[in-house]
Amino acid sequence: MKVLVLGGDGFCGWPTALHLSAQGHEVTIVDNLARRCIDVELEVDSLTPISPMGVRIEVWKELTGRDIGFINLDLAQEYDRLVDVLLNERPDAVVHFAEQRAAPYSMRSPKAKRYTVDNNVNGTHNLLCAIVQTGLDISVVHLGTMGVYGYGWSGTAPIPEGYLTVKVPTPDGDLDREILHPANPGSVYHMTKTLDQLLFAFYAKNDGLRNTARHHGIVWGTQTPQTALDERLINRFDYDGDYGTVLNRFLMQAAIGHPLTVHGTGGQTRAFIHIRDTVRCVEIALNNPPKRGDQPSVFNQVTETYRVRDLAELISQKTGVEVANLPNPRKEAAENDLIVTRDRFLALGLEPTTLSEGLLEEVRDISSKYAHRADTSKIIARSVWNAGMETSPDLMR
Ligand code: NAD
Ligand code: USQ
């Protein structure tokens, strides 16, 4: 299959590009390297030393003999070039990762909020509009997020895969209807993902586009078998207060002896998935596209759920590093339940990696090895959800 990986220089995109190439697919990465520019803006680097794109592709070719193409293109701004790329490449499928994906970054300033909306909503719309313009039959696999549902809106009722069956009262009795699950975003970033869903639903209904949305939990881990082949293929590892996600941050903090930065009581329950499972799920979604005329196919891509304070406790027990309860910079419930239906990927053959299997390996191999690259002043989360919120003191002074 010929596949374009949009956002293929990023944390999920790079290992996916390598995985698909290793499976024999013809892969071209499309990325404007915006994430590397945000590292420069935030004055922080991936904990792991990521190579320039040219080196990454050259090393992959050297080790495997396989070619991966690269096109530097801004999906949100370069519409005409995007149409030309689709017409020239004529892909069977596009995997769409190319968005600003950090909730804290999306809340840090008016500029960042506006960038996140412009970039994500325009980028997704440009892609769908361009596919229709070319008349090509390209299926799209999009990385959505569990955050489109909110966290615990329905209490202990399991979150369904995308759609909810509701009863609509009418004078002649109740009608059963299947609707998109109500959107309940918790940040400007998550809001853009809820808008993406409407764009996908519209283009499926109006133009018969074939779309799969994968509502992903928080991705943890770093390496896949392909990124581990050579240090120059290593995946990025974000640990800073804006881009670092909770489990990878706790693992890195444990490795350098930094108190574990639990926000508030740590009562938020979240869904998790290892990067190795992310790449396998993309492959499963590519191999099982919806038919023309179907509504977007939605998978919940989650392997485990954990409460944040339980994760911190688990890592603290294994490493002896203390837990710090900091003021929560986010506007989120103190406690929530999160029960997720996730039958579809399991039915299609996913064998999930669980936390108990991968945890210590990750601390040993990555966080400890690259601990010397950490800038401890970047660990505390400083982006607050609204003006009245306090930030936490630096714990390493
Ligand atoms: P990332 O920031 O590491 O990668 C995103 C990539 O897209 C970057 O390489 C960036 O340069 C590129 N990009 C951004 N805007 C672009 C544009 N306009 N044109 C071209 N390229 C552009 O993020 P990630 O962690 O790999 O996440 C990828 C996708 O997966 C996102 O859509 C995110 O919402 C989703 N997701 C991620 C997680 C997670 O825990 N990392 C969890 C759930 C969903
Ligand atoms: N948290 C802490 N301490 C920290 C960091 C985070 O207690 O040091 C808490 C947060 O307050 C929050 C939870 O941990 O309650 C998760 O935060 P996160 O930064 O790990 O995850 P989130 O902001 O939800 O975003 C990440 C990705 C995003 C993806 C989402 C999937 O950045 O791209 O969409 O996970 S999900 O959470 O399932 O919606």
Side-chain angles (χ1 to χ4, degrees), residues 5-16 29-39 46 53 71-78 82 95-107 115-116 118-120 122-124 126-127 142-151 185-187 189-190 192-193 196 214-220 235-236 238-239 241-250 253 260-273 275 278 300-302 305-309 311-312 324-326 328-333 336 338 340 379-381 385 392:
V5 180
L6 312 183
D9 187 44
F11 171 62
C12 298
W14 173 242
T16 299
I29 289 172
V30 176
D31 200 299
N32 66 346
L33 309 181
R35 182 66 193 86
R36 293 182 189 244
C37 296
I38 292 176
D39 274 346
S46 160
M53 180 51 91
I71 299 169
N72 186 330
L73 179 147
D74 186 332
L75 186 64
Q77 302 295 331
E78 297 182 277
L82 173 64
V95 186
H96 175 26
F97 293 105
E99 302 196 53
Q100 192 301 98
R101 71 98 178 130
Y105 183 83
S106 79
M107 301 303 288
Y115 165 71
T116 303
D118 289 349
N119 189 61
N120 295 2
N122 254 337
T124 299
N126 280 352
L127 172 65
H142 177 240
L143 255 284
T145 171
M146 286 304 298
V148 297
Y149 305 117
Y151 307 102
S187 71
Y189 153 71
H190 287 100
T192 65
K193 297 299 234 191
D196 282 350
R214 298 153 56 230
H215 290 329
H216 230 68
I218 301 170
V219 184
W220 68 283
N235 198 15
R236 63 177 305 127
D238 296 311
Y239 68 91
D242 274 352
Y243 274 88
T245 50
V246 65
L247 179 50
N248 277 9
R249 271 164 67 74
F250 287 173
Q253 291 164 6
L260 306 180
T261 55
V262 171
H263 295 161
T265 59
Q268 277 281 316
T269 304
R270 292 297 172 103
F272 293 88
I273 180 167
I275 186 70
T278 297
N300 289 341
Q301 216 170 293
V302 164
T305 55
Y306 274 92
R307 212 173 277 282
V308 168
R309 65 168 168 265
L311 269 184
N325 285 94
L326 304 175
N328 195 341
R330 308 185 186 202
K331 192 167 179 178
E332 57 188 7
N336 72 322
L338 190 67
V340 183
I379 290 178
I380 298 293
W385 258 232
S392 305

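Just so you know, ligand 1 is whichever comes first in the structure, and atom 1 is the first atom listed for that ligand. Note that the numbering runs from 1 along the sequence shown for the chain.
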> Can you tell me how far OG1 of Thr16 sits from CG of Leu143, rounded to the nearest 0.5 angstrom?
Replying inline: 7.0 Å

>> Given Leu260, which partner from the list Gln253, Arg309, Arg249 fulfils the side-chain contact (heavy atoms from CB on, under 4.5 Å) test?
In response: Gln253

> Within 45 degrees of the axis of the six-membered ring of Tyr243 and under 6.0 Å from its centre: does Arg35 put its NZ or CZ there?
Replying inline: yes

> Is a side-chain N or O of Asn126 found less than 3.5 angstrom from the main chain of Ala76, in a donor-acceptor match?
Replying inline: yes

> Is Val308 touching ligand 2 with its side chain, its backbone, both, or neither, if touching means heavy atoms under 4.0 Å apart?
Replying inline: side chain

> Atoms of ligand 2 less than 4.0 Å from Glu332 heavy atoms?
Replying inline: 10 (C), 11 (O), 12 (C), 15 (O)

>> Quick check on side-chain contact (heavy atoms from CB on, under 4.5 Å): which of Arg270, His215, His216, Gln301 does Met146 satisfy it with?
In response: His215

> Hey, is the main chain of Asn328 close enough, under 3.5 Å, to the side chain of Trp385 for a donor-acceptor pair?
Replying inline: no

>> Can you list everything that forms a side chain to side chain contact (heavy atoms under 4.5 Å, CB included) with Asn72? Sequence neighbours excluded, please.
In response: Asn32, Leu33, Phe70

> Do Asn235 side-chain atoms and Phe11 backbone N/O form a donor-acceptor pair below 3.5 Å?
Replying inline: yes

> For Asn119 and Ala98, which heavy atoms make the closest approach, and how far apart are they?
Replying inline: ND2-O, 4.4 Å

> Aromatic rings Phe272 and Tyr306: how do their planes relate, parallel, tilted or perpendicular, breaks at 30° and 60°?
Replying inline: perpendicular

>> One residue to check: His263. Relative to ligand 2, which of side chain, backbone, both or neither has a non-hydrogen atom less than 4.0 Å away?
In response: both

> Considering only protein heavy atoms, which is closest to atom 35 (O) of ligand 2, and at what distance to one decimal place?
Replying inline: Ile218 CG1, 3.3 Å

>> Quick test: of every protein heavy atom, which one is nearest to atom 24 (O) of ligand 2, and how far off is it to 0.1 Å?
In response: Arg270 NH1, 2.7 Å

> So which protein heavy atom does atom 26 (C) of ligand 2 come closest to, and at what separation?
Replying inline: Thr245 CG2, 3.7 Å

>> Only heavy atoms of Tyr189, strictly under 4.0 Å: list the atoms of ligand 2 that pass.
In response: 28 (C), 29 (C), 33 (O), 34 (O)

> salt bridge (charged side-chain N to carboxylate O under 4.0 Å, His left out) with Arg101: which residues, sequence neighbours excluded?
Replying inline: Asp238

>> Between Arg236 (side chain only) and Gly10 (backbone N and O only), is there a donor and an acceptor less than 3.5 Å apart?
In response: no

> Looking only at heavy atoms, which two atoms of Asn336 and Arg307 are closest? And how far apart?
Replying inline: O-NH1, 3.1 Å

> If you count the atoms of ligand 2 from 1 in the order shown, which ones are under 4.0 Å from a heavy atom of Gln268?
Replying inline: 15 (O)

> Quick one: does ligand 2 sit under 4.0 Å from the side chain of Lys193, the backbone, both or neither, non-hydrogen atoms only?
Replying inline: neither

> Quick one: does ligand 2 sit under 4.0 Å from the side chain of Arg101, the backbone, both or neither, non-hydrogen atoms only?
Replying inline: both

>> Which of the numbered atoms in ligand 2 are under 4.0 angstrom from any heavy atom belonging to Gly147?
In response: 39 (O)

> What atoms of ligand 2 come closer than 4.0 angstrom to any heavy atom of Thr261?
Replying inline: 2 (C), 3 (N), 4 (C), 7 (O), 8 (O)

>> Quick test: of every protein heavy atom, which one is nearest to atom 19 (O) of ligand 2, and how far off is it to 0.1 Å?
In response: Arg330 NH2, 2.8 Å

What does the N/O contact table under 3.5 Å look like for ligand 1?
from: ligand 1; atom 1: 3 (O); to: Phe11; atom 2: N; distance (Å): 2.9
from: ligand 1; atom 1: 9 (O); to: Gly10; atom 2: N; distance (Å): 3.2
from: ligand 1; atom 1: 9 (O); to: Asp31; atom 2: OD1; distance (Å): 3.4
from: ligand 1; atom 1: 9 (O); to: Asp31; atom 2: OD2; distance (Å): 2.6
from: ligand 1; atom 1: 11 (O); to: Asp31; atom 2: OD1; distance (Å): 2.7
from: ligand 1; atom 1: 11 (O); to: Ala34; atom 2: N; distance (Å): 3.0
from: ligand 1; atom 1: 11 (O); to: Arg35; atom 2: N; distance (Å): 3.0
from: ligand 1; atom 1: 15 (N); to: Asn119; atom 2: ND2; distance (Å): 3.1
from: ligand 1; atom 1: 18 (N); to: Asp74; atom 2: OD1; distance (Å): 3.0
from: ligand 1; atom 1: 18 (N); to: Asn119; atom 2: OD1; distance (Å): 2.7
from: ligand 1; atom 1: 19 (N); to: Leu75; atom 2: N; distance (Å): 2.9
from: ligand 1; atom 1: 21 (N); to: Asn32; atom 2: N; distance (Å): 3.3
from: ligand 1; atom 1: 21 (N); to: Asn32; atom 2: OD1; distance (Å): 3.1
from: ligand 1; atom 1: 25 (O); to: Arg101; atom 2: NE; distance (Å): 2.9
from: ligand 1; atom 1: 26 (O); to: Phe11; atom 2: N; distance (Å): 3.2
from: ligand 1; atom 1: 26 (O); to: Cys12; atom 2: N; distance (Å): 2.7
from: ligand 1; atom 1: 32 (O); to: Lys193; atom 2: NZ; distance (Å): 2.7
from: ligand 1; atom 1: 34 (O); to: Tyr189; atom 2: OH; distance (Å): 2.5
from: ligand 1; atom 1: 34 (O); to: Lys193; atom 2: NZ; distance (Å): 2.9
from: ligand 1; atom 1: 40 (O); to: Val219; atom 2: N; distance (Å): 2.9

> Which one of Thr145, Asp242, Asp238, Val246 has a non-hydrogen atom at the shortest distance from atom 14 (O) of ligand 2?
Replying inline: Val246

> Can you tell which part of Tyr151 has a heavy atom less than 4.0 Å from ligand 2: side chain, backbone, both or neither?
Replying inline: side chain

> What atoms in ligand 2 come closer than 4.0 Å to a heavy atom of Gly217?
Replying inline: 31 (C), 38 (O)

> Of all the atoms in ligand 2, which lie at a distance below 4.0 Å from a heavy atom belonging to Ala103?
Replying inline: 23 (O)

>> Evaluate Arg214 against Thr278 for side chain to side chain contact (heavy atoms under 4.5 Å, CB included), listing each step before the verdict.
In response: CA-CA 10 Å; Arg214 298 153 56 230; Thr278 297; 3.9 Å; yes

> What atoms of ligand 2 come closer than 4.0 angstrom to any heavy atom of His216?
Replying inline: 31 (C), 38 (O)

> Taking both backbone and side-chain atoms of Arg249, is any N or O found less than 3.5 Å from an N or O belonging to ligand 2?
Replying inline: yes

>> Using the salt bridge (charged side-chain N to carboxylate O under 4.0 Å, His left out) criterion, which residues pair with Asp31? Sequence neighbours excluded.
In response: none

